[in-house]
Protein chains: 2
Amino acid sequence: MYKENNLSKNQQIIFDLINKSSEPLKAYTILFSVQKKGIKAPPQVYRALDKLVETGKIHKIESKNAFVACRNSDCEISKATAFSICESCETVDEISDMKLSKYLSDFNHKKGMKFKRFNLEFFGICKKCKKD
Amino acid sequence: MYKENNLSKNQQIIFDLINKSSEPLKAYTILFSVQKKGIKAPPQVYRALDKLVETGKIHKIESKNAFVACRNSDCEISKATAFSICESCETVDEISDMKLSKYLSDFNHKKGMKFKRFNLEFFGICKKCKKD
DNA sequence: TTAATAATGTTATATTATTACATAGTGTTA
DNA sequence: TAACACTATGTAATAATATAACATTATTAA
């Protein structure tokens, strides 16, 4: 069952749910939503989430403990992620900006550590909320 | 008691502990460490942490659910934070780089949202771990 | 077809964080 | 100094997030 699209049954169910969602989903929200599909326990959800994060199909928004589908074909296996988060409506958007991505991927700091990966979260008030 | 340095008793105890530490501390690690000083329950710790984060004395490392003292006089009230995290030894360093900070503070993306704040976490293997 | 690997199912438990409510300390100002 | 608003504290209970451990089944590759 794995080969066709390289997602397993549980992974596919959970990916589909996250992918359809317009907002980040939390692990237990996912759990409650997929119980009718036979996924009954936290480890089943967390295992699928771990795998999906690992393969870059989804990202974890660390400041929210929530997950979004990857919308950015450029972020290979989640090496370089950036998000904009509205502090009012909680909307999260993945930022896809080549210049930003390149700037950060090339960044090296004084202590000489070579970075393999980064995650950037911007916070503010989105256009829509500003109007209200 | 507040006025002298504008940290309350619990805030000062918890800040001192984090500030002395060479590594990020987790809330319950802090709780266990300060029980002899009369701080006995999670809300006492979380309240102090919230306040310290709010005032920029400490930062939360979101990917680790842990807290470090601010080493950077430039990051006013935690508006612009960047960290380097070693995936091997788990060492966390606050990055203080004016150019990076300015680049990100000035960043605006297409959708027109104005950012007030950001948090950036870089991951890699530090110099010391590379040698081993 | 066997062995290795990946995925699943299940129970229990660990870790992280908040709610709710009662009490006490501090700063302001009338 | 009395009254007030505000901040901080103490405490019990519980909510939310995440993992450990172990048994079983499915998939792939040799």
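Letters go in sequence order (proteins before strands), and every chain restarts at 1.
Between A/S8 and C/dT8 there is a side-chain polar atom (N or O) within less than 4.0 angstrom of OP1 or OP2. The phosphate of C/dA6 (OP1 or OP2) has no side-chain N or O of A/K51 nearer than 4.0 angstrom.
Proximity note for A/P43 (side chain, C-beta onward) versus C/dT11, C/dA7, C/dA17: the nearest is C/dT11. Nearest to the side chain of B/K9, among D/dA8, D/dA12, D/dT9, sits D/dT9. Picking from C/dT8, D/dT17, C/dC21 the nucleotide with the shortest atom distance to the side chain of A/Y46 gives D/dT17. The B/K40 side chain lies nearest to D/dT11 when the options are D/dT11, D/dA18, C/dT11. Relative to the side chain of A/A27, the nucleotides C/dT16, D/dA18, C/dT10 differ in distance, and D/dA18 lies closest. Taking only side-chain atoms of B/Q44, from C-beta outward, the nucleotide of C/dT11, C/dA7, D/dT11 with the closest atom is D/dT11. Side-chain atoms of A/N65 lie closest to D/dT17 of the nucleotides D/dT17, C/dT18, D/dT11.
Ring orientation note: the planes of B/F115 and A/F122 are close to parallel, at an angle under 30° on the 30°/60° scale. Relative ring orientation between A/H109 and A/F107 is described as tilted, the plane-to-plane angle lying within the 30° to 60° band.
Centre separation under 5.5 Å together with a plane angle under 30° holds for the ring of B/Y28 and the six-membered base ring of C/dT16, marking them as stacked.
Screening residues 28-53 of chain B for salt bridge (Lys or Arg N to Asp or Glu O under 4.0 Å), with sequence neighbours left out, gives B/K51-B/E54.
For A/H59 and A/F83, the distance between ring centers is under 6.0 angstrom.
The distance between atom NZ of A/K37 and atom C1' of C/dG9, rounded to the nearest whole Å, is 19 Å.
Residues B/T29 and A/A41 each lie close to DNA chain C; by heavy-atom proximity, the contact nearer the 5' end of the strand is made by A/A41.
Among the heavy atoms of the strands, none lies under 4.0 Å from B/K64.
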